[in-house]
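Data first, discussion second: the structure below is written as structure tokens.
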Amino acid sequence: MEEMLRKTKVLLKSYQMAKFAVMVRTQEVEDELFDSDMKSIENLIDSVLGEDLMLNGKYLENKLVEVRATAALLHRMELCLQWLRKYPGKGAIYYDMLYQFYFSGFNNGHKVVAEMFDMSRTTYYRYFKEAEIIYSKLLWTNNLTEGSET
């Protein structure tokens, strides 16, 4: 449980940078395709996924695989945040806390987020810890899907 929570915190802290990396890598691929005069989707498929991949095509394929994996992880993290909002009891508060601290992109510190909720530091940190634990459980649950209801 502690290792799972530690890994979750690392992912949460890395969320904004990973989102930025996906944006940059996607732009790099677009620039590379433009520079290579690949104008149609057929050429893209042939050069990136075809059997006779050139070095440049292999490079693009690796970038696309990397972007896809990172984007899938980001999607999973965002899905879990939505499920946290639906969590019974304080789920909506937990959602707002984690969203403001990790996902919003505004670099809100604990003090700012606690003030948003007009909470004492003790209450805020207790709720925040609970939010991270529940989020971690959701993140590492194998059967979490977009269509399932709880």
Assess the pair F103 and Y15: is the distance between their ring centroids shorter than 6.0 Å? yes
Donor-acceptor contact below 3.5 Å, side chain T70 vs main chain E66: yes
Indicate yes or no for a side-chain donor-acceptor contact from N108 to the backbone of V113 under 3.5 Å, with no hydrogens or angles considered. no
M17 with L139, same ILVMFWY side-chain cluster at under 4.5 Å: no
M1 side chain reached by K137 side chain, heavy atoms, under 4.5 Å: yes
Could you see if Y102 belongs to whatever hydrophobic cluster contains F20? Use Ile, Leu, Val, Met, Phe, Trp, Tyr and a side-chain cutoff under 4.5 Å. no
Once you round to the nearest 0.5 Å, how far does OG of S14 lie from CG of L73? 9.5 Å
So does R68 have more than 12 non-hydrogen atoms from other groups sitting under 6.0 Å from CZ? no
Check this for me, if you would: do E3 and R6 make a salt bridge, where the nitrogen-to-carboxylate-oxygen distance has to be below 4.0 angstrom? yes
State, with a plain yes or no, whether a side-chain heavy atom of K19 is found less than 4.5 Å away from one of M77. no
So which atom in V22 and which in A71 form the shortest heavy-atom distance, rounded to 0.1 Å? CG2-N, 4.0 Å
About how many Å separate OH of Y127 and NZ of K90, when rounded to the nearest 0.5 Å? 4.5 Å
Answer yes or no: are there more than 12 heavy-atom neighbours, outside E2 itself, under 6.0 Å from its atom CD? no
Before we go on, tell me: are the rings of Y94 and Y87 under 6.0 Å apart, centre to centre? no
What distance do L81 atom CG and D96 atom CG have between them, rounded to the nearest 0.5 Å? 9.0 Å
Starting at OH of Y99, measure out to CG of L84 and round the result to the nearest 0.5 Å. 14.0 Å
Hydrophobic clusters here meaning ILVMFWY residues chained together by side-chain heavy-atom distances under 4.5 Å, can you tell me if M4 and Y135 are in one? yes
Please say yes or no: joined through hydrophobic side-chain contacts below 4.5 Å, possibly via intermediate residues, are I93 and M116 part of one cluster? yes
Applying a strict under-4.5 Å side-chain criterion to I, L, V, M, F, W and Y, I'd like to know whether Y124 and V112 cluster together. yes
So how far is it from Q100 CD to Y95 OH, rounded to the nearest 0.5 Å? 8.5 Å
